[in-house]
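Residues: numbered from 1 along the sequence shown.
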Amino acid sequence: MSAEPWDQLLDTIDQFAGHDGPILDEDVESAFAELITEAIATGWVDPELHIEDTARWITALLVAHRNVRDTHPHVPPDADAAVLRLIVTRWLHPHRLDQRASAPRT
């Protein structure tokens with residue numbers, strides 16, 4: 001892959017967040033599992049997370065995001081997307097402090 005796995009993961013989340021995005025199903029979970037595996041291997045995602053469970057929960061979070069958009073259309077879509085990205089980033093990053101797993105602890 002040409003892009004960093006982390007960037008590709010966030011781009012995929014953005015793609016699926018819209019109502020006009022693909023249906024959120026087991027194929028989407030599989031795609032996320034592959035991206036998470038790559039992101040763990042490069043130190044961008046916490047290696048303690050279970051890959052399939054994390055992929056399933058990201059997919060569920062996207063379903064919830066679509067529902068939030070439906071029930072709160074007055075909130076700008078960019079604002080909701082920013083919150084979604086922040087939640088995913090804080091949840092997935094190693095140590096929840098935006099530190100790559102391979103970085104030495106200080």
To check you understand the geometry: which heavy-atom pair defines the closest contact between Trp44 and His93, and what is its length?
O-ND1, 3.6 Å
Apply side-chain contact (heavy atoms from CB on, under 4.5 Å) to the pair Ile36 and Leu49, showing each step before the final yes or no.
CA-CA 9 Å; Ile36 292 164; Leu49 294 170; 6.0 Å; no
Could you tell me which non-hydrogen atom of Pro5 sits nearest to which non-hydrogen atom of Thr42, and how far apart they are?
CG-OG1, 3.6 Å
The side-chain contact (heavy atoms from CB on, under 4.5 Å) partners of Leu24 (sequence neighbours excluded) come to Phe16, Val28, Thr59, Leu62, Val63, Arg66
Asp78 meets the side-chain contact (heavy atoms from CB on, under 4.5 Å) criterion, sequence neighbours left out, with none
Minimal heavy-atom distance between His65 and Ala81, with the atoms involved, is CE1-N, 4.1 Å
Between CD1 on residue Ile51 and CD1 on residue Ile40, distance to nearest 0.5 Å:
4.0 Å
What distance separates Arg56 CZ from Glu26 CD, expressed to the nearest 0.5 Å?
11.0 Å
Sorted by chain and residue number, the ring pair (Phe, Tyr, Trp, His ring centres under 6.0 Å) partners of His50 (sequence neighbours excluded) come out as none
Applying side-chain contact (heavy atoms from CB on, under 4.5 Å) to Phe32 and Ile13, what does each step give before you reach the verdict?
CA-CA 9 Å; Phe32 278 120; Ile13 287 170; 3.6 Å; yes
side-chain contact (heavy atoms from CB on, under 4.5 Å) between Ile58 and Leu92, worked out:
CA-CA 10 Å; Ile58 288 174; Leu92 297 181; 3.9 Å; yes
Residues in salt bridge (charged side-chain N to carboxylate O under 4.0 Å, His left out) contact with Asp7, at least two apart in sequence or another chain:
none
For Arg85, what residues pass the side-chain contact (heavy atoms from CB on, under 4.5 Å) criterion, not counting sequence neighbours?
Leu10, Asp11, Asp14
Would you call Arg69 and Val75 a side-chain contact if the rule is heavy atoms closer than 4.5 Å?
yes
How long is the gap from NE2 on His72 to CG on Asp80, to the nearest 0.5 Å?
8.5 Å
Checking side-chain contact (heavy atoms from CB on, under 4.5 Å) for the pair Leu35/Thr12: CA distance, chi angles, key distance, verdict?
CA-CA 9 Å; Leu35 291 169; Thr12 303; 3.4 Å; yes
From Asp53 atom CG to Glu29 atom CD, the distance as rounded to the nearest 0.5 Å
9.5 Å
I'd like to check Val68 versus Val83 (side-chain heavy atoms, cut-off strictly below 4.5 Å). Are they in contact?
no
